[in-house]
Novice: 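Below: one structure in structure tokens.
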Amino acid sequence: MAPAEASLTLLEHYARRLPLTEGRLPSLSADQIAKLRHLWHLLLSEFDTAATLPVLFSLAHAPATDAAAGELDTDLTALSFEPLVSLGSKPDKDNSPTPPRTTTATSATTVQATSTRDPPDSGSGGWFSWASGSRSSSATPAADTGTSTPASISDSAETVRLRRETVQEYIYRTNPATLAAPLVPPSFTPLFDQPALTRSFCAAFWQAATQMRDPDSWVLRFLRARKWDVDQALDMIRKTLAWRVGQAIDEVAYFGESKLHHHTMDTGLAFACTTDRLGCPVYVVRVRANVAHNRSILAIKRFLCWQLETSQLLAADSDGRVTILFDLSDVTRENIDLGLVRMLITLLSNYFPETLGIMILYVNSWFFWGLWTVIAPFIDPVVKSKIVMVRSTREIAPYIDLDQLPLELGGQKPFSYNYVQPTSEENACMADTAARQAAERDYVSAIVDYENDTRQWLAQPAGIYSVRCAARDKLRQAVVDLDPFVRSRTLHHRLGQLKPDYTVAL
């Protein structure tokens with residue numbers, strides 16, 4: 001990167017439509033290459049010495065219960081997420097900051113006061129009553145505002161079913177003729193002949209790192225996230241792989257939407273629909289579609305894990321980075337969920353580093369500022385530096401061109417979310433054991449070649465990189481060939497956003 005470019009902020013890159021190259025392939029400095037080599041040396045040693053990692057929340061062999069996942073007391077640390085911050089206490093009204101607003105500026109976090117409205121009467125719980133984590137036994141349906149805000153599911157005999165019903169269960173219930181054909185073959189087999197409830201460090205690493213077009217890109221994420229401290233980057237990789245195995249992310253990808261919460265998928269809480277000015281996929285989060293009373297903690301955890309894991313398919317051309325646009329228009333108190341916010345930030349900070357490009361908060365209501373004053377002081381500074389607050393379509397335009405912005409957000413792109421349900425036919429090849437075994441043999445062979453070339457690269461710094469690139473390309477093709485056998489097809493495939501050759505068309 002040129003010296004003038006090195007001083008630019010992330011948001012200035014968007015303003016100039018200038019791709020990020022610092023600390024990324026192929027624009028590494030000599031010092032950065034040395035650190036990458038050092039980390040690879042440590043990782044290869046870990047392959048031979050690291051202990052096996054336990055699967056804690058298997059979908060296939062020991063399904064997690066809501067109690068185990070923190071449903072009964074909303075204790076998110078029980079989800080094996082490291083605590084971000086305690087957001088459960090109700091702040092003192094007299095000490096609460098004045099609800100702020102943002103001004104359009106180079107900095108993403110420049111905040112000024114905008115509203116001096118008095119908070120609701122304390123008898124109604126005030127701005128922050130929802131921060132205590134307690135919920136009434138029945139939620140009041142949202143008023144008809146002309147938006148797609150779903151009403152809360154009332155407390156009835158159907159509540160438990162509707163809060164937990166998966167896509168597969170919904171299809172079985174509404175179309176009994178499909179009972180003989182599950183969406184995904186129920187027998188999950190881990191890669192690399194791994195046991196059902198453990199994975200080796202090596203197996204977990206390759207399954208994660210080969211999501212990217214180049215395993216170097218995956219490794220570099222952790223170096224950038226830990227400011228090029230090799231030991232800290234290795235420790236972060238260890239924790240990430242332990243978390244991925246514990247949460248059975250390979251099973252989440254295999255079963256896909258079949259085991260996701262149907263109500264969440266059907267109402268379009270979050271979906272990819274376009275790209276930003278740097279080519280990153282844009283995920284729109286319609287906060288008005290979120291009603292915590294309508295789903296369990298386990299359901300939203302699994303949904304977020306699946307979305308982030310799947311996002312890497314769409315982000316192959318953007319070094320794994322995505323933009324998240326929170327549409328906070330027409331939100332009400334029941335739409336605000338600190339548990340979801342905390343969970344997403346924890347995932348992005350700890351287990352999907354460098355995945356977040358920018359986070360755009362599209363706010364047209366003073367109500368949101370009550371939430372912001374609670375969480376802003378505790379957000380990781382790196383994450384906070386990527387947050388942009390906008391109040392109009394015009395203020396979104398520096399980050400997403402208007403012809404790429406969906407109509408529902410004031411743009412010109414004729415995209416309307418519609419959940420197209422999966423079918424058993426689209427995953428038929430997953431039952432072809434012989435074809436999967438052949439694809440897996442090619443995958444393992446490509447990994448062996450890549451490892452061997454990496455060892456040569458570490459032993460002979462000069463003259464080997466081009467050979468390693470050939471091994472990288474072979475590995476990438478092997479991943480594409482294997483993917484239909486180990487990952488059920490997604491909504492992105494059904495909408496044509498992800499092509500059979502894994503090119504992306506958003």
Side-chain angles (χ1 to χ4, degrees), residues 9-20 101-106 108 114 145-150 264-290 307-308 310-311 313-318 321-332 335 344 355-368 372 386-420 490-492 494-499 503-506:
T9 67
L10 175 63
L11 305 185
E12 288 170 335
H13 275 272
Y14 275 90
R16 302 186 185 192
R17 210 186 292 267
L18 190 65
L20 297 172
R101 68 170 177 174
T102 59
T103 57
T104 304
T106 299
T114 186
T145 60
T147 70
S148 59
T149 305
T264 300
M265 293 297 297
D266 192 52
T267 55
L269 173 60
F271 53 88
C273 59
T274 190
T275 56
D276 66 16
R277 288 169 63 92
L278 296 188
C280 301
V282 175
Y283 278 78
V284 174
V285 180
R286 296 194 292 192
V287 180
R288 65 181 180 274
N290 177 62
Q307 284 281 19
L308 287 172
T310 305
S311 73
L313 298 176
L314 300 179
D317 294 327
S318 59
R321 290 178 297 111
V322 303
T323 287
I324 303 177
L325 195 165
F326 277 85
D327 179 10
L328 289 144
S329 59
D330 303 310
V331 297
T332 65
N335 302 132
L344 178 60
T355 295
L356 179 64
I358 57 172
M359 182 182 292
I360 302 173
L361 306 182
Y362 181 29
V363 185
N364 68 356
S365 170
W366 66 271
F367 179 78
F368 166 76
W372 181 250
K386 300 178 180 181
I387 295 177
V388 181
M389 294 193 186
V390 301
R391 291 171 294 174
S392 66
T393 300
R394 179 178 57 82
E395 293 181 0
I396 297 177
Y399 313 103
I400 304 172
D401 291 326
L402 293 184
D403 62 352
Q404 292 299 309
L405 191 66
L407 287 170
E408 71 174 73
L409 292 169
Q412 301 165 5
K413 185 170 185 175
F415 177 90
S416 179
Y417 179 82
N418 177 44
Y419 182 51
V420 181
T490 69
L491 179 62
H492 309 302
R494 295 191 288 280
L495 295 181
Q497 297 172 333
L498 195 60
K499 305 299 183 182
T503 55
V504 178
L506 283 172

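If you read the sequence from its start, that first residue is 1, and numbering goes on from there. Keep in mind the model is a prediction, meaning the values are calculated, not measured.
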Novice: Any chance you could lay out the side chain to side chain contact (heavy atoms under 4.5 Å, CB included) test for T274 and L405, step after step, and finish with the verdict?
Specialist: CA-CA 7 Å; T274 190; L405 191 66; 5.9 Å; no
Novice: So, the side chain of D327 versus the backbone of R286: is there a donor-acceptor pair under 3.5 Å, distance only?
Specialist: no
Novice: So C280 and Y399, side chain to side chain contact (heavy atoms under 4.5 Å, CB included) or not? Walk me through it.
Specialist: CA-CA 10 Å; C280 301; Y399 313 103; over 6 Å; no
Novice: Does the side chain to side chain contact (heavy atoms under 4.5 Å, CB included) test come out yes or no for L344 and F326, once each step is laid out?
Specialist: CA-CA 12 Å; L344 178 60; F326 277 85; 3.5 Å; yes
Novice: Verify, without hydrogens or angle tests, whether D401 (side chain) and D403 (backbone) share a donor-acceptor contact under 3.5 angstrom.
Specialist: no
Novice: Determine yes or no for a side-chain-to-main-chain donor-acceptor pair under 3.5 angstrom, with R494 supplying the side chain and V420 the backbone.
Specialist: yes
Novice: Nearest 0.5 Å please: distance from the OG1 atom of T393 over to the CD1 atom of I396.
Specialist: 5.0 Å
Novice: Any chance you could lay out the side chain to side chain contact (heavy atoms under 4.5 Å, CB included) test for L314 and H492, step after step, and finish with the verdict?
Specialist: CA-CA 9 Å; L314 300 179; H492 309 302; 3.7 Å; yes
Novice: From R277 CZ over to I358 CD1, what is the distance, rounded to the nearest 0.5 angstrom?
Specialist: 10.5 Å
Novice: Are the side chains of P281 and S311 in contact, using a 4.5 Å heavy-atom criterion?
Specialist: no
Novice: Is the backbone of I400 close enough, under 3.5 Å, to the side chain of Q404 for a donor and an acceptor to pair up by distance?
Specialist: no
Novice: Rounded to the nearest 0.5 Å, what separates atom OG1 in T323 from atom CG in L325?
Specialist: 8.5 Å
Novice: Measure the spacing between CG of L269 and CZ of R288 and express it to the nearest 0.5 Å.
Specialist: 11.0 Å
Novice: Do the side chain of N290 and the main chain of V287 share a donor and acceptor less than 3.5 angstrom apart?
Specialist: no
Novice: I need the R17 CZ to D276 CG distance, nearest 0.5 Å.
Specialist: 9.5 Å
Novice: For the atom pair OH (Y283) and CG (L506), what is the distance rounded to the nearest 0.5 Å?
Specialist: 8.0 Å
Novice: Do Q497 side-chain atoms and A272 backbone N/O form a donor-acceptor pair below 3.5 Å?
Specialist: yes
